[in-house]
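Here is how names work: the chains are called A, B, and so on, in the same order as the sequence lines, proteins then strands, and each is numbered from 1.
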There are 2 protein chains.
Amino acid sequence: MSILSKGKTKINKHSITRADNQEKILKAAREEFISQGYKGASVQSIADKVELPKANILYYFDNKEKLYLAVLEQTLDMWDKEIDHIDVNGDPKDAIEKFVAGKVRMSFKEPNASKIYALEIIQGSQHLKEYTRTYLRAWVREKAKIFQHWIDQGKMADIDPVKLIFLIWSSTQHYADFESQILTIMNRAEYEESDVIEVTEFLTDFILRGCKLK
Amino acid sequence: MSILSKGKTKINKHSITRADNQEKILKAAREEFISQGYKGASVQSIADKVELPKANILYYFDNKEKLYLAVLEQTLDMWDKEIDHIDVNGDPKDAIEKFVAGKVRMSFKEPNASKIYALEIIQGSQHLKEYTRTYLRAWVREKAKIFQHWIDQGKMADIDPVKLIFLIWSSTQHYADFESQILTIMNRAEYEESDVIEVTEFLTDFILRGCKLK
DNA sequence: GTCTATAACCAGATAGAC
DNA sequence: GTCTATCTGGTTATAGAC
């Protein structure tokens, strides 16, 4: 079930090709919305990419705005599945290692998920205010509480847990969002598997030290 | 002189009001380009904000694309002035403290400069490829060399200097780019002066520890 | 359900008066 | 230099054939 809406998806004999088409459309739409922006994205151009008539796209998703919302929703669902759960019963070193590694892997494997989300937030979170106010705020407070618990037990440095979460988010997502800049600076055409490993090692190491866990 | 172009600006008796108008237009345009995206931004809406006829804006900047480029250029110039110089003769602790503090101050004082830049990079750096390939790449390599020098002297932890620079960029700019998300999560309407101080303290402290400088 | 053709709209750019 | 009025092109969305 989705995070943004609670609607049910009907399954009938047509739904296989339709679901298949919808997947392809969402992927193409995400690329188009990222490179051209919301207004700059044209439904025609998305239709061309998936080789379907423009009217079909609008038939599936009603209009451009709903298509964009579907892209955002799919992104949030993807993240929700992927984000490692920080368990109060574990120890902080283990939790941070898993959290950082998960976020780095996600940034390299699905950079577009991070990008479309970043674009939306930078432009003012118009479509995600409610999601942020309810779901994300609760998530941050819950995790911050766990970190604070560990701090109170003297298990890690006495630092602001919320700022720690922001630092982990930003430093990991940077490799997705600023991909084009990083590749150009390093004079490379694309990321390699070794980059994922090196960045994970660097960030876990650095952040653990910042938390006095190493 | 600007980073992107090397053109000269003529100064005559009309240039005072013209320069004044251009400043206002660029500020309004930056806001419009951020909230609406490049294609979504309308010259009419920028004209309305500065209370000038649309044709005047186009007369000043020739066309929408050149106006956007002027906004980017102004942003880069602003950053260039602001970014603290890391001096090879100084010590790493001092350099990082100044660098982090400068970036945090800039993020809180001029969030829109960071936002318009982030939007451009996330969307593929189309207009900044050349700037990144030449100017920014050289800047990163030069600073990385200085860090490496300090590492070789055993003055700080043996970590990848380029990844350290990326971490400082991302963790500081996050407070500008993700402003809307951070404020919503913390249930606040806007940043306060105390936030600048707290974030600066948190980040310098954390990063210095990551570099084994504390 | 699918697709073609078209309506209705809006934006950038410019011609030309002042 | 400044501004009004207009042209032109491209977009979403829909009506209606298949």
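For the pair A/N21 CG and C/dC3 C1', the interatomic distance rounds to 14 Å; values are reported in whole Å. With rounding to whole Å, B/E51 atom CD is found 16 Å from D/dC3 atom C1'. The interatomic distance linking A/E65 (CD) with D/dT11 (C1') rounds to 16 Å, in whole Å. In this structure, A/N56 places its CG atom 11 Å from C1' of C/dT4, rounding to the nearest Å. Between B/I57 atom CD1 and D/dT2 atom P there is a gap of 11 Å when expressed in whole angstrom units. Following rounding to the nearest Å, A/D48 (CG) and C/dC3 (P) show an atom-to-atom distance of 13 Å. Rounded to whole Å, atom C1' of D/dG1 lies 17 Å from atom CG of B/D20. At whole-Å resolution of the value, CD in A/E32 and C1' in D/dT11 are 12 Å apart.
When each of B/W169, B/W79, B/F33 is checked for a ring-ring contact (aromatic ring centres under 6.0 Å, His included) with B/Y117, only B/W79 meets the rule.
Residues satisfying the side-chain hydrogen bond (donor to acceptor under 3.5 Å, both in side chains) test with A/E31, not counting sequence neighbours, are none.
Within the 4.0 Å cut-off from OP1 or OP2 of D/dG1, at least one side-chain nitrogen or oxygen of B/Y59 is found.
In this structure, A/E142 does not pair ionically with A/K145, as no charged nitrogen and carboxylate oxygen lie closer than 4.0 Å. With respect to the salt-bridge test (charged N to carboxylate O, under 4.0 angstrom), the residues A/D77 and A/K81 do not qualify.
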Set out, line by line, the N/O atom pairs under 3.5 Å between protein and nucleotides 9-12 of chain C.
residue: C/dG12; atom: OP1; partner: B/A41; partner atom: O; Å: 3.2
residue: C/dG12; atom: OP1; partner: B/V43; partner atom: N; Å: 3.4
residue: C/dG12; atom: OP1; partner: B/K64; partner atom: NZ; Å: 3.1
residue: C/dG12; atom: OP2; partner: B/V43; partner atom: N; Å: 3.1
residue: C/dG12; atom: N7; partner: B/K54; partner atom: NZ; Å: 3.0

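Panel note: side chain B/K64, backbone B/K39; a donor-acceptor pair is recorded below 3.5 Å.
The environment of NZ in B/K129 is crowded: more than 12 heavy-atom neighbours from other residues, nucleotides or ligands sit within 6.0 Å.
Within 4.0 Å of B/F61, counting heavy atoms only, lies no atom of the nucleic acid at all.
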